[in-house]
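The structure is given below, and queries will be raised subsequently.
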Amino acid sequence: MPVARPELSDSRVIAHVDMDCFYVQVEQRKQQSLRGQPTAVVQYNSWQGGGLIAVSYEARKFGVKRSMRGDEAKQVCPEIHLVQVPVARGKADLNTYRNAGSEVVSILSRRGRCERASIDEVYLDLTIAAEAMLADNPPECLETISEDVVQSHVLGLEEVGSDARENVRHWFTRSDASRRDKLLACGAFIVAELRLQVLEETEFTCSAGIAHNKMLAKLASGMNKPAQQTVVPFSSISKLLRTLPIKKMKQLGGKLGTSLQIDLGVNTVGDLLQFSEEKLQEYYGVNTGSWLWNTARGINGEEVKERLLPNSHGSGKTFPGPRALKTVASVEKWLNELCEELSERLQSDLEQNKRIAHTLTLHAHAYKSNDADSFRKFPSKSCPLRYGTSKIKEDALSLFQAGLREYLGQYNVKISGNQKSGWGITGLSVSASKIAAIPSGTRSIMNYFHNQEETFPQVKLSSEQLIQDAPLLSPSEEDSLESGGHLTLQSLEPWIACREENEETKYSMPLDRQEEDKDTCKEKLPDKETSICSSPGTSSYWF
DNA sequence: CATTCGGTCGAT
DNA sequence: ATCGACCGA
């Protein structure tokens with residue numbers, strides 16, 4: 001875990017904003033009668049009532065936990081409302097949650113650099129905005145502070161008196177505070193405003209942490225939920241961390257945290273203080289060692305990245321136990337569903353954000369029942385991503401077959417597709433990564449899709465989008481676009497210097513592979529030479 | 001092989 | 001390129 005610019009004197013104003021049981025809130029907004037009710041969102045009701053994905057705070061009062069299945073939740077809390085995750089193409093469809101997350105991000109990104117950290121969390125760097133507020137309109141000059149701000153939790157204040165509320169009000173307005181504290185106070189004002197805007201514009205509540213770095217902001221946002229915010233002044237850090245269980249820290253909830261407990265006897269963050277940086281580096285390597293040493297002191301230099309959009313898209317499904325896929329034909333069927341969803345999301349990303357993904361990756365989980373060596377991992381495979389649903393399907397299947405051959409090993413015991421083959425696929429997913437903005441130059445864009453899409457032209461760009469990105473178009477071309485409204489690439493074709501080839505350069509595999517499986521008739525690898533990403537001299541300015 | 005379905009990042 | 005750790009609803 002490398003660290004950017006770790007400094008004890010860090011005076012940035014960083015916030016972490018976290019939606020409260022987000023999936024539940026999304027469902028409650030869809031179905032208002034669920035508001036205030038014990039509610040849980042459930043995925044796949046077919047087995048023991050399905051798994052609980054998100055649990056409302058009302059349901060938590062009854063002892064409903066996320067680790068429960070639907071049936072258990074009903075036992076503990078018979079009146080609970082179980083809402084199913086939407087299903088499309090036979091699998092969970094998370095698009096409503098993704099879109100709701102985007103709504104929230106568009107609000108939370110108004111006041112400073114914003115990093116979308118997950119479907120429902122962001123980090124904000126509010127340093128600039130807080131400095132400006134401190135200069136122009138500092139809290140100490142305010143006559144009254146809004147109720148939302150006074151309701152903040154400020155760590156380290158509780159024990160300083162009896163009236164917690166008055167303490168908070170005083171902390172926010174004291175003129176003799178350190179500059180760091182004043183900056184955090186301004187940050188808390190800004191975050192309270194943002195949270196109010198989120199509530200007004202989306203009906204969602206969220207919680208937040210305000211601190212001098214990402215690590216502490218994240219820690220604080222979870223301390224008071226729901227719909228509250230927590231400030232971590234510099235002076236409160238050491239006391240906060242001294243007794244904090246090590247597993248509560250982000251990045252230490254897994255194996256590394258366990259190793260700290262078991263191997264070093266470290267149970268709280270404070271326990272880490274006794275180890276020198278060199279010692280920690282001996283155990284865990286240079287980067288992780290330094291990161292741990294800094295973490296023990298509440299130091300974390302990670303920058304808030306500017307990122308409102310995800311770096312990858314994926315679509316996957318598990319096939320547990322007896323539902324494991326046993327034939328290539330059934331794998332192909334499900335792969336097609338997954339690819340359709342992925343392709344749809346890629347099209348949306350293209351239209352809404354003008355971004356293109358460059359790599360397609362297939363992941364699978366498999367078992368071999370006969371083999372003693374049954375625990376081998378099914379290898380992931382990737383190839384250049386060609387746009388168009390059918391191309392994606394084609395390439396994904398090829399990647400799977402390449403992976404399957406490798407998985408089954410060298411000599412392939414003549415596995416016929418429609419028989420119990422000794423293997424089963426328990427999980428499949430396709431993902432698209434290396435997503436980059438389309439550079440200016442519509443000619444390239446059109447060429448790009450022309451090259452990939454001539455058999456299945458499905459890409460539509462609005463005329464506005466095309467023109468925005470089309471500095472290279474001649475006026476006459478713009479006219480054509482404008483009158484056209486929506487255009488398919490087919491209709492663009494006349495303007496494009498047509499390229500030759502684009503053949504079917506699929507090469508057939510060696511014969512010894514071909515009879516392996518009736519379902520595996522099409523045996524070919526994604527052709528790297530014909531793929532746009534790696535074909536030199538074929539179109540595309542940006543490759 | 002039964003928490004499902006996403007995501008991010010670093011190591012190699 | 002591929003894997004694995006980690007996070008979270």
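The figures that follow rest on heavy atoms only: side chains count, while hydrogens, waters and symmetry mates do not. A note on names: the letters A, B, ... follow the listed sequences, proteins ahead of strands, and every chain is numbered from 1.
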With P as the reference atom in both, quote the distance from C/dG4 to B/dC1 in angstrom, rounded to an integer.
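15 Å, rounded to whole Å.
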
Nearest whole angstrom, please: distance from the C1' of B/dC5 to the CG of A/Leu342.
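In whole Å, B/dC5 C1' lies 14 Å from A/Leu342 CG.
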
Would you mind listing every side chain to side chain donor-acceptor pair (under 3.5 Å) that reaches into residues 291-302 of chain A, with sequence neighbours excluded?
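Applying side chain to side chain donor-acceptor pair (under 3.5 Å) to every pair that reaches into residues 291-302 of chain A, excluding sequence neighbours, yields A/Asn300-A/Glu302.
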
Close side-chain approach of A/Arg12 and A/Asn213, heavy atoms under 4.5 Å
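A side-chain contact under 4.5 Å exists here.
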
Applying salt bridge (charged side-chain N to carboxylate O under 4.0 Å, His left out), which residue pairs with at least one partner in residues 206-231 of chain A are found, sequence neighbours left out?
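Non-adjacent pairs meeting salt bridge (charged side-chain N to carboxylate O under 4.0 Å, His left out): A/Asp18-A/Lys225, A/Asp20-A/Lys225, A/Glu115-A/Lys214, A/Glu121-A/Lys218.
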
Can you check each nucleotide of nucleotides 6-12 of chain B against protein heavy atoms at under 4.0 Å and return B for base, S for sugar-phosphate only, - for none, in 5' to 3' order?
SSSSSS-

Using the six-membered ring wherever Trp is involved, compare the ring planes of A/Phe400 and A/Phe378 and label them parallel, tilted or perpendicular (cut-offs 30° and 60°).
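Correct class here is parallel.
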
Between side-chain atoms of residues 80-92 of chain A and protein atoms elsewhere (two or more places apart, or another chain), which donor-acceptor pairs fall under 3.5 Å?
unit_1	atom_1	unit_2	atom_2	d
A/His81	ND1	A/Pro38	O	3.4
A/Gln84	OE1	A/Asn45	N	3.1
A/Arg89	NE	A/Glu340	OE1	3.3
A/Arg89	NH2	A/Glu344	OE1	3.4
A/Arg89	NH2	A/Glu344	OE2	2.5
A/Lys91	NZ	A/Glu341	OE1	2.7

Summary of protein contacts for nucleotides 2-9 of chain C, nucleotide by nucleotide, where a base hit scores B, a sugar-phosphate-only hit scores S (4.0 Å, heavy atoms):
SSSSSSSB

Whole-Å gap separating C1' (B/dT4) and NE2 (A/His365)
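Between C1' of B/dT4 and NE2 of A/His365: 11 Å.
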
Calculate the interatomic distance between A/Arg69 atom CZ and B/dT4 atom P; express it in whole Å.
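That distance rounds to 6 Å.
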
Do A/Lys247 and A/Thr258 make a side-chain contact, defined as non-hydrogen atoms from C-beta onward lying under 4.5 Å apart?
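Side-chain contact under 4.5 Å: yes.
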
Between A/Arg116 and A/Ser102, does any side-chain donor sit less than 3.5 Å from a side-chain acceptor?
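A donor-acceptor contact under 3.5 Å links the two side chains.
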
Taking atom C1' of B/dC5 as reference, at what distance in whole Å does atom CG of A/Leu52 sit?
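A/Leu52 atom CG is separated from B/dC5 atom C1' by 15 Å.
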
Just to be sure I understand the rule, does A/Gly321 reach a base, reach only the sugar-phosphate, or reach nothing, if contact means heavy atoms closer than 4.0 Å?
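Base, at least one base atom sits under 4.0 Å.
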
Check salt bridge (charged side-chain N to carboxylate O under 4.0 Å, His left out) between A/Arg29 and all other residues, then give those that pass, not counting sequence neighbours.
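Per chain and number, A/Arg29 pairs via salt bridge (charged side-chain N to carboxylate O under 4.0 Å, His left out) with A/Glu103.
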
Kindly point out which of B/dC5, B/dA2, B/dT3 is positioned nearest to the side chain of A/Tyr44?
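Minimum distance to the A/Tyr44 side chain belongs to B/dC5.
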
Determine whether the side chains of A/Thr39 and A/Gln37 contain a donor N or O and an acceptor N or O closer than 3.5 Å.
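No, A/Gln37 and A/Thr39 have no side-chain donor paired with an acceptor closer than 3.5 Å.
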
Pick the P atom in C/dA9 and in B/dA2, then give their distance to the nearest Å.
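Pairwise P distance, C/dA9 against B/dA2, rounds to 23 Å.
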
